Amino acid sequence: MSDNTAHDEPELVQLLTPEGELRHHPDYPLDLGAEEVRGLYRDLVLVRRVDTEAVALQRQGELGLWASLLGQEAAQIGSARALRPQDMAFPSYREHGVAWVRGVDPRELLGMFRGVTNGGWDPAEHGLHLYTIVIGSQTLHATGYAMGVQRDGATGGDDGTAVIVYFGDGATSQGDTNEAFNFAAVNNAPVVFFCQNNQWAISEPLERQSRVPLYRRAAGFGFPGVRVDGNDVFASLAVTRRALQHAREGQGPMLIEAFTYRMGAHTTNDDPTRYRVAAELEEWKRKDPILRLRAYMAANGVADDDFFAAVDAEADKLGERVRIECRALPDPDPLDIFHEVYAEPHAQLDLQRAEFADYLASFEDAGAEGGR
Amino acid sequence: MSDNTAHDEPELVQLLTPEGELRHHPDYPLDLGAEEVRGLYRDLVLVRRVDTEAVALQRQGELGLWASLLGQEAAQIGSARALRPQDMAFPSYREHGVAWVRGVDPRELLGMFRGVTNGGWDPAEHGLHLYTIVIGSQTLHATGYAMGVQRDGATGGDDGTAVIVYFGDGATSQGDTNEAFNFAAVNNAPVVFFCQNNQWAISEPLERQSRVPLYRRAAGFGFPGVRVDGNDVFASLAVTRRALQHAREGQGPMLIEAFTYRMGAHTTNDDPTRYRVAAELEEWKRKDPILRLRAYMAANGVADDDFFAAVDAEADKLGERVRIECRALPDPDPLDIFHEVYAEPHAQLDLQRAEFADYLASFEDAGAEGGR
Amino acid sequence: MSVNLTIGKAINAGLRRAMEADPKVLVMGEDVGKLGGVFRVTDQLYKDFGADRVIDTPLAESGIVGTAIGLAMRGYRPVCEIQFDGFFFPATNQTFTQLAKLRRRSAGALGMPVVLRIPYGGGIGAVEHHSESPEAYFAHTAGLRVITVANAVDAYWMIQQAIASPDPVVFFEPKRRYYDKADVDTDAALESAYPMGAARVARPGTDVTLLAYGPMVKTALQAAEADDDHSIEVIDLRSISPVDYDTVTESVRRTGRLVITHEAPVSGGVGAEIAARVTESCFYHLEAPVIRVGAFDTPYPQSRLEEHYLPDLDRVLDGVDRAFAF
Amino acid sequence: MSVNLTIGKAINAGLRRAMEADPKVLVMGEDVGKLGGVFRVTDQLYKDFGADRVIDTPLAESGIVGTAIGLAMRGYRPVCEIQFDGFFFPATNQTFTQLAKLRRRSAGALGMPVVLRIPYGGGIGAVEHHSESPEAYFAHTAGLRVITVANAVDAYWMIQQAIASPDPVVFFEPKRRYYDKADVDTDAALESAYPMGAARVARPGTDVTLLAYGPMVKTALQAAEADDDHSIEVIDLRSISPVDYDTVTESVRRTGRLVITHEAPVSGGVGAEIAARVTESCFYHLEAPVIRVGAFDTPYPQSRLEEHYLPDLDRVLDGVDRAFAF
Ligand SMILES: Cc1ncc(C[n+]2csc(CCOP(=O)(O)OP(=O)(O)O)c2C)c(N)n1
Ligand SMILES: Cc1ncc(C[n+]2csc(CCOP(=O)(O)OP(=O)(O)O)c2C)c(N)n1
Ligand SMILES: [Mg+2]
Ligand SMILES: [Mg+2]
């Protein structure tokens, strides 16, 4: 009988304690220059600011909805900074930090939550697929994409291509996610499954989704799983780097469970006071990913007050830009409804488009007449 | 990182070697009287005979299809004999041995494969759900049923109710099966997942379905998994008994991987020579579940030649009965198409039924007239 | 006792009454417990009936419907909440190949008193997959009953009728109308409620029949109000499968014209079947072909375009005009 | 070169030609490899193109379509085999919410040149779930193209056209006609083939239009042959989405009568949409309402009843008679 309790590896890979102390981990060495560390800090602060701004914009009626990444910045920035340009990332709907790293302008994200687009950016250009809302679906896309990478002969060696897919703790319950684990394992596909276990799927705590820690799921499908401190940007970076390397070299998939916390509501529609206690949030605030990095940097002379002030100022400017650009996002043309439904003509739809154009024009005519 | 290779438990629980030698296993003690052993032998022989007969009937055009259990008799009989009357079993489409043990007359099975019914028996009466063809679907039904058992307060203690669900190696790839594992784990539902790994899913060998032995899947969801020699009726019985007890007592699900072999074609439609080598079958013939039990019985004086001859004679009679009854199965009435689609009236369908009845009658009238 | 309830609260009250009446009734789905569902339709049920009867399931729709089937086999009456229309699809296999077929397969031995509650339709400014109208898929699937409500009175009674039904019922909730209110007599007997399968003339008229269901009933009534040129009879279909053709054809034979509106894309929508059938049975009464007013045959667009995508008052009136232009 | 091929072999030859022409074309599904598929439609492709291009997938339909989407994102053109109609349903979510929508969502940045091959329909004496006709679900789903074939010539060309299409195409194969033969000119250029989206008059006539597709085209032709009283024009629809209404309405305007037949249950079937639309566009030409002849609105029955369940020659002729009884 296989044992489902005893595990002799450490449960959580951590390189930076909540107090900002560096820890060494034999399996995940990390050697970052001060510049790189400052870069990570900047990322964390800026994406948090974009997020705060977006929440405010939603409150002001500028966005239909926003899914906040508050608390998950380190998991996202750390993992995304492990990616190389040739890699491909598949987000869920909360990976604003990943989008940031992949060079997708926050404006594009806001456009989707404002309802002016259903997507926004060109996935190939950024190495980032569009957000996916139907939970778990993207795990199979990533696996298929990784199977394509294999067929292109683009794995093996250091310059191989790897794929990463993001999903939540709730998503591990979906059939699709488990099928993706299995397809990836059977095909030895170069895909890293990056699960942000933020402890909640809307109102459901982890124990409604799984009886055991999520990283263990991987072994059941025959590939390695690891739990990393998702509020530790160093550990998230180091573990993801290693997993991507594993994939890149043709050794197949890995599952990373980034142990983190959704500090905000599920989305701006949600009211977490209905289902979770305030004390939990307080506890996690002490593990804040930004505070600990700042503490480390300050204590170790990686940055001075000027640097922190400069980053804050940059964040303010970014926030302002986001605010202005969001408000300025133009509404799409009504005929965009028909745009790119099909690549080639489709008689019925083309007729509908033409009729609708006439219908719209009839109002304009009427309006023009009324104005005379 | 969790380890997906080292496992210190023995891979295969076996109580009876292919040569018919008894083995002791500390975790799975089995104390059967001679009568019980003879009963198991009789079961094995009779279900094999029913199966052989059904294959022949299909060849003769009496059945549309048949899915042979050849080679899997011990896994089915052993596990089903571990059930108690109050337990509920959910088969796939190949569990003729389980149906036998649950008192479903072979005629009912033949009816389905002949196409005179889509089901046959009353599930509640036999503690056996209908066959399920859409791979994996029944795993969720069984889990839900087990959740009902929990709600009835029917677990805990020795006389609790347990549920067992049968599925194949291929079925482990389906999203539904994995969702069932997870629902069962999270809810601690009293369900035993009994996977007959017969090495093939139609033409696909196990390695196209899984990168690691199937029983390990369970640990990833947080419950025990065990691999048993599915050609060993004693081990199948003992392991299932223990797993059912585990469920019965409220300790939650278990996964049993019965390592066995599909000695025949996938179904009568299939031609296995297209995808597997004859040598494989030869090897498994040496592990035949019936031969090894007979060898054991003969060597240990559990039965004499008269007994074996009597069982063979009984099998001949049974085969003959099955043959005759199959041929005699009446075609259903055409209006049965509309029977029990809904429990209560449905205007459109009721009209269709009435119109169809008229339509049929018009032919009879025409026929009657023609006959005059 | 007459209570002024929103549609959402009326469903909640109906669920509560069904749970009180029958201990076998369960509520299950994502976030239906402490949260009370993302629309609060199961509000307080968890507190009052406990985790055994109000089940926060893992995030897996196939699992929800699949285990509900198993619970039904064990004698329970599960009411499953699918969080949004667009998230039903992982449960298609369990719903179409299992739930819908098990009664007939078993020649009646297995009852499937399962309810799927699906908040549906657009108009709430949501992101993708939160505004779908998938009812036609269900209506084309034999073995299911498909109903929807347009007001709080029906909401209160029809959810109870759905739960009482021995057949699987798909219960579509018009999410953009959740807050519409009406007085509900919550003391009446369930047996005295208007039948679940029957359509209702929501507003009588003489010139044209305007058929709507769910969220479009309100729009249809507004159209009837707004149209000074024609006397529009509005029918609230209520049951999508079966359709109450008696009520529909009686009306069409009187008015000679039929306009059907729904939020779902026109092609292959529920309106197609009704148009085809009514045309067959009222061929000589129809002064014009049946006109359908629905969404375009495209994916549901980004929310800033939904007012153009969904049939609105103007488009419905335009449809009425087309029915008279023949 | 003209070769006499069955429909099954013609699809096989078409797949082969597409794979030879474009190294990005992949075949994937359950048992498509060494076995060549349970209907042998992918016979020998594994041997000739190898395991990287002919992929025996794990037994999981959602996984098949979901990974095909990912492969398409990486520039491949996957052709997925769904083993039987009744086993499509686990893939509904990936097909309806992802495959069908990704092009529009991405404003065209993501092409989805994925083909789903689905052997469909009954009449082969199979057990449950092996005889379904689910095409209406797909036709109601914007973003998909849905086609089907009735003969080996179309089978050979249309599978290639489907693969060449930049849009996702659901390719329905009439499984009970797999062994019907025809001469196929396998040397012609793909560009010269009859267009994928066009219907075809399979047999001209003057009194009534009989519209069929897939497996029912043969039955329709037999009906035309058998009916001495009426001159039946048979249209082979070929494309279910879009529908070639030009061809259909041109015919109906001439004949004044339309009978539609398909194996799927009548209610909410493809015939409903065509009936509704043709009635609208040919209102003054129709001498009778559009008559639909399909299966009953029940689950597909046990095989010993399927000859009663499926529309057969007699039922089609009965439908034609009904069209004249008006
Ligand atoms: C298939 C599906 N079902 C339901 C939903 C509704 N829903 C949106 S987010 C969510 C919870 C997701 O939790 P998790 O996977 O942990 O991700 P998180 O939101 O915590 O990042 C649910 C149920 C959905 N989007 N898709
Ligand atoms: C959802 C679904 N997909 C495909 C099939 C077709 N099919 C029938 S049996 C089978 C193989 C099943 O293999 P396994 O689970 O190992 O069971 P076995 O037949 O070996 O007992 C397949 C693919 C099906 N029945 N259901
Ligand atoms: Mg979460
Ligand atoms: Mg197998």
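In what follows, every chain begins at residue 1, and chains take the letters A, B, ... in the order their sequences are listed. The structure presented is a predicted model; accordingly, all values stated were derived computationally and were not measured.
- Residues of residues 44-56 of chain D placed with any heavy atom under 4.5 Å of a heavy atom in chain B are listed by number as D/I55, D/D56.
- For B/N118, the parts lying under 4.5 angstrom from a heavy atom of chain D are both the backbone and the side chain.
- Comparing B/I135, B/L65, B/D270 by how many heavy-atom pairs each has under 4.5 Å with chain D, the most go to B/I135.
- In this structure a side-chain-to-backbone donor-acceptor pair under 3.5 Å is missing from D/Y309 to B/P334.
- The shortest non-hydrogen separation linking B/S173 to D/P58 is OG-CB, 3.6 Å.
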Discussion item. Please determine whether side-chain contact (heavy atoms from CB on, under 4.5 Å) holds for the pair B/I133 and D/F87, giving the CA-CA distance in whole Å, both sets of side-chain angles, and the decisive distance to 0.1 Å.
Written reply: CA-CA 9 Å; B/I133 288 175; D/F87 308 139; 3.9 Å; yes

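- Of the atoms belonging to D/D314, heavy atoms from both backbone and side chain fall under 4.5 Å from chain B.
- Contact of B/Y93 with chain D is not made at all, since no heavy-atom distance falls under 4.5 Å.
- Contacts with chain B (heavy atom to heavy atom, under 4.5 Å) involve these residues of residues 120-133 of chain D, listed by number: D/G125, D/V127, D/E128, D/H129, D/H130.
- Using a 4.5 Å cut-off between heavy atoms, B/I202 contacts chain D through both its backbone and its side chain.
- Between B/R274 and D/D43, at least one side-chain N (NZ, or NE/NH1/NH2) sits under 4.0 Å from a carboxylate O, which counts as a salt bridge.
- Heavy-atom pairs under 4.5 Å with chain D were tallied for B/T172, B/N269, B/D169, B/D336; the largest tally goes to B/D336.
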Discussion item. Using side-chain contact (heavy atoms from CB on, under 4.5 Å), reason through B/R208 and D/E30 one step at a time and then give a plain yes or no.
Written reply: CA-CA 10 Å; B/R208 291 306 304 154; D/E30 296 155 10; over 6 Å; no

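- Each of D/T57, D/V38, D/V266 has some count of heavy-atom pairs under 4.5 Å with chain B, and the biggest count is that of D/T57.
- Interface residue B/L349: only side-chain heavy atoms are found under 4.5 Å from chain D.
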Worksheet item: Can you list the steps and then say if D/D297 with B/Q348 is a side chain to side chain donor-acceptor pair (under 3.5 Å)?
Response: CA-CA 8 Å; D/D297 295 333; B/Q348 275 100 75; over 6 Å; no

Worksheet item: Which is it for B/L360 and D/H308 under the side-chain contact (heavy atoms from CB on, under 4.5 Å) test, yes or no, and what are the steps along the way?
Response: CA-CA 9 Å; B/L360 287 174; D/H308 292 288; 4.0 Å; yes

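- Residues B/Q174 and D/E61 form a side-chain contact, since some pair of their non-hydrogen atoms from C-beta on lies under 4.5 Å apart.
- For chain B, the nearby part of D/Y300 is the backbone; its heavy atoms alone come within less than 4.5 Å.
- In this structure, chain D has no heavy atom under 4.5 Å from any part of B/R353.
- B/H339 NE2 to D/L305 CG: the interatomic distance, rounded to the nearest 0.5 Å, is 12.0 Å.
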Practice prompt. Please assess B/V341 against D/F296 for the test side-chain contact (heavy atoms from CB on, under 4.5 Å), listing each intermediate value before the final yes or no.
Written response: CA-CA 11 Å; B/V341 174; D/F296 304 114; over 6 Å; no

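- Neither the backbone nor the side chain of D/E306 comes within contact range of chain B; no heavy atoms are under 4.5 Å apart.
- Annotation: B/Q60, atom CD; neighbour count of heavy atoms from other residues, nucleotides and ligands within 6.0 Å is above 12.
- Using a 4.5 Å heavy-atom cutoff, the side chains of B/Q209 and D/L59 are in contact.
- Between D/D31 and B/A201, the shortest heavy-atom distance links the atoms OD1-O, 3.4 Å.
- Between the CZ atom in B/R114 and the OG atom in D/S303 there is a gap of 9.5 Å [rounded to 0.5 Å].
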